[in-house]
K.L.:
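This is the structure I have questions about; it appears just below.
Below, chains carry the letters A, B, ... as their sequence lines are ordered, and counting in each starts from 1.
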Protein chains: 4
Amino acid sequence: MLNVTLELFATKGYHATKVSDIVSKAGVAQGTFYWYFKNKEEIALQIIEEGKRQLLEVIHQGYRKDQGCINDMIQSSKRLMHNLLTFASENRNLMLFLFLKGQGADLKIRNAISETLFEMEVNFSKNIYRAIELGMLEDRDYVPLQAQMLTNMITGLIARWQFGPLYDWDYTPTVPINVVVDEIVHFEFFGLLLSGGRR
Amino acid sequence: MLNVTLELFATKGYHATKVSDIVSKAGVAQGTFYWYFKNKEEIALQIIEEGKRQLLEVIHQGYRKDQGCINDMIQSSKRLMHNLLTFASENRNLMLFLFLKGQGADLKIRNAISETLFEMEVNFSKNIYRAIELGMLEDRDYVPLQAQMLTNMITGLIARWQFGPLYDWDYTPTVPINVVVDEIVHFEFFGLLLSGGRR
Amino acid sequence: MLNVTLELFATKGYHATKVSDIVSKAGVAQGTFYWYFKNKEEIALQIIEEGKRQLLEVIHQGYRKDQGCINDMIQSSKRLMHNLLTFASENRNLMLFLFLKGQGADLKIRNAISETLFEMEVNFSKNIYRAIELGMLEDRDYVPLQAQMLTNMITGLIARWQFGPLYDWDYTPTVPINVVVDEIVHFEFFGLLLSGGRR
Amino acid sequence: MLNVTLELFATKGYHATKVSDIVSKAGVAQGTFYWYFKNKEEIALQIIEEGKRQLLEVIHQGYRKDQGCINDMIQSSKRLMHNLLTFASENRNLMLFLFLKGQGADLKIRNAISETLFEMEVNFSKNIYRAIELGMLEDRDYVPLQAQMLTNMITGLIARWQFGPLYDWDYTPTVPINVVVDEIVHFEFFGLLLSGGRR
DNA sequence: TATGAATGAGCGTTCATTCAT
DNA sequence: CATGAATGAACGCTCATTCAT
């Protein structure tokens, strides 16, 4: 039922998705829904929770562990972005819901989503701090701000890349995944690396 | 009525805003709403239309017109970003609605918003192409992709800067506007400029 | 305004006709309507009143005055029916409203219409009684019942003849007026005349 | 719910009957209505459909099957009319809705009703043609027109007989059913039979 | 576990009517 | 005489939720 619901949330949006839509698509009766979930809000929260877990797992795997040269850093970033975009390709509905449609839902759900995005940010921050610790980047102020920019750039780009300017579910990406990875990492690299000790 | 409605849309979201909320906040009767607007959807579309107009006007004013050195380009970018962030500060509700909450509304509204963001992108693209023409930037592929990244970075940053990680209307920015401008332009500068002839 | 309103009542029906339809078709402002008429009901009642006057005038002109033979009676009936059908052709909207659509309006209006039809009946009754007085018809019971049947036959036929089986305003009669007159009078003649002294 | 609704439609008319009237009279909640019917229009259409079925069944049973003399034809007509009037007595609300109030409803409903009346006409036409085939009546033009007159006469008479000149639901018929049957059949007999070969 | 009929609060919208100008 | 903006009661309909089976 989670997958079915996520698909509906992603395409129609939270409010426009009726519980009756969910159950009819899932092939069960209306009442059955309420055996599995307390209410409509809860299924959304579960979806977000599970999505967050997977998303952070992907990001976590790209975490820099060893010291290395600039090139190692770039390679590591590329690997992370590649994993992220691959995950995005395999979880289109999740991306659409988390990065776009979700903000139209009710407060509690919006907050759960915001929290997810914030944790992404935190991980990017950690990544940057780690790179500084490892001596790969010079120390700087405003690491969180830079992590924000990265997050926005990445989530926004994933949405636009996958769904086009009108955020259409049936859109087919026109740019190969490698190009997107390169562009992001390029921005990231120059944005972060060359900012040097600016503080 | 437009301002009152925008505020409600921005804080509660489109669906959670009842027409009765709008009219009671505006101090008129329920029926009066329908004298001025065909229905709830139309007022949203009008708000978006007007917001788009203003937003694009701000962006257009930052359009590069004269050739210049690298420094001119940076200054011009800073001026544009400063205008944009100032406009954002003075139109918090519009930002919240366009960049976040709006995607939870119905198809027609979402499309109108997407179109607005897309036109921002197009303007950034034009800006980049213009800089190439003027010899300020080397020629490159994927200008639209870079414009997308810029747009995402900027809109996302505006939202996060103004409303914090939980997108809370009562949040107060913790980072001074100049720092944000510097960071954005830094990213933009290195991202775009130093990408050189990579194609 | 009366004509405009009658046309709308006849085509759309009483309830489906909005005061705003009337005034926009009449080319005046909404408020003006209420200078001429107390409310929507009143204009309907005025229309019915005026229609009744005209209708009864037509019927009254066909009233038998002089004694005569059977043939005189048939000729007189034919003349009456011809006048009635001619009037109907020239007052399609009135027919449609009185004989069909009107019964869907509110109580007071329905009663005004019923009264109109009843007065038609009364006149037919008088006509029959007069013919009996003049010795053109034998005396009989149930004259009112026969008058009812005549009325129903005539009003129904007028509606069906002018507007077809679906009561469509744009329908064009397929049967010439003389044929209709002949058929009605034939029915009337044999129905009334030959019923002889049956009592 | 169908019976309850028919009663309300027949007494108050379609537009004046609120869904809340229906459900409160039926003793269920507002929402329950929409579990059984798509909307208010649909229940009207179902009522008409069912009414048509029953009405045509009654008429069909009176269909002439065997050849016979004039008297057989009259007897057969009387039986049909008697059945029809008996059915009408037992389905007062249906009569009131189909023959009077229904024409005030919206287009789709009006058309469904018109269709019902038209099928009555068609059946009467068939009956006449069958009588011609059987040699009980001479051939003639304008059979459909005569069927129309019959239908109008009969439906109108049923309405007036049952509900009086003001079409009042609480009216009690003042004329015994047999008299009405006799009068109708008399009109029909002389109207149809004696019209001979007039063409 | 699972069903699906039943609920009812709440919403968007309509439209006859009013009234200051 | 005429306007048209403003009113607000009332309606049809939706849909998340409940509960007897």
K.L.:
Could you measure the distance from the NZ atom of C/K101 to the OG1 atom of C/T11? Nearest 0.5 Å is fine.
P.N.:
6.5 Å
K.L.:
Ring centres of A/Y171 and A/F163 under 6.0 Å apart?
P.N.:
no
K.L.:
Do side-chain atoms of D/N39 reach the backbone of D/E41 as a donor and acceptor pair under 3.5 angstrom?
P.N.:
yes
K.L.:
Specify the residues of residues 21-29 of chain D, ordered by number, for which at least one heavy atom lies under 4.0 angstrom from an atom of DNA chain E.
P.N.:
D/V28, D/A29
K.L.:
Considering only the C1' atoms, how many Å lie between F/dT21 and E/dT1, rounded to the nearest integer?
P.N.:
13 Å
K.L.:
Check B/Q103 against A/L100 and note the closest heavy-atom contact, atom names and distance.
P.N.:
CB-O, 3.3 Å
K.L.:
Using a cut-off of 4.0 Å between protein heavy atoms and nucleotide atoms, how would you tag nucleotides 14-21 of chain E 5' to 3' with B, S and -?
P.N.:
BSSBB---
K.L.:
Tell me the partner of E/dT21, counting only Watson-Crick (N1-N3 plus N6-O4 or O6-N4) or G-U wobble (N1-O2 and O6-N3) with both under 3.5 Å; none if nothing fits.
P.N.:
F/dA2
K.L.:
Which heavy-atom pair separates B/T17 from B/L8 by the least distance, and what is that distance?
P.N.:
OG1-O, 3.2 Å
K.L.:
Checking D/D106 side chain against D/K108 main chain: does a donor-acceptor pair fall under 3.5 Å?
P.N.:
no
K.L.:
Which is it for C/Y167 and D/N111 under the side chain to side chain contact (heavy atoms under 4.5 Å, CB included) test, yes or no, and what are the steps along the way?
P.N.:
CA-CA 8 Å; C/Y167 300 120; D/N111 282 349; over 6 Å; no
K.L.:
Using Watson-Crick or G-U wobble geometry with both distances under 3.5 Å, which nucleotide pairs with E/dA16?
P.N.:
F/dT7
K.L.:
From CZ of C/F37 over to P of F/dA2, roughly how many Å is that when rounded to an integer?
P.N.:
12 Å
K.L.:
Does A/E49 pair with A/R53 as a salt bridge, N-O distance under 4.0 Å?
P.N.:
no
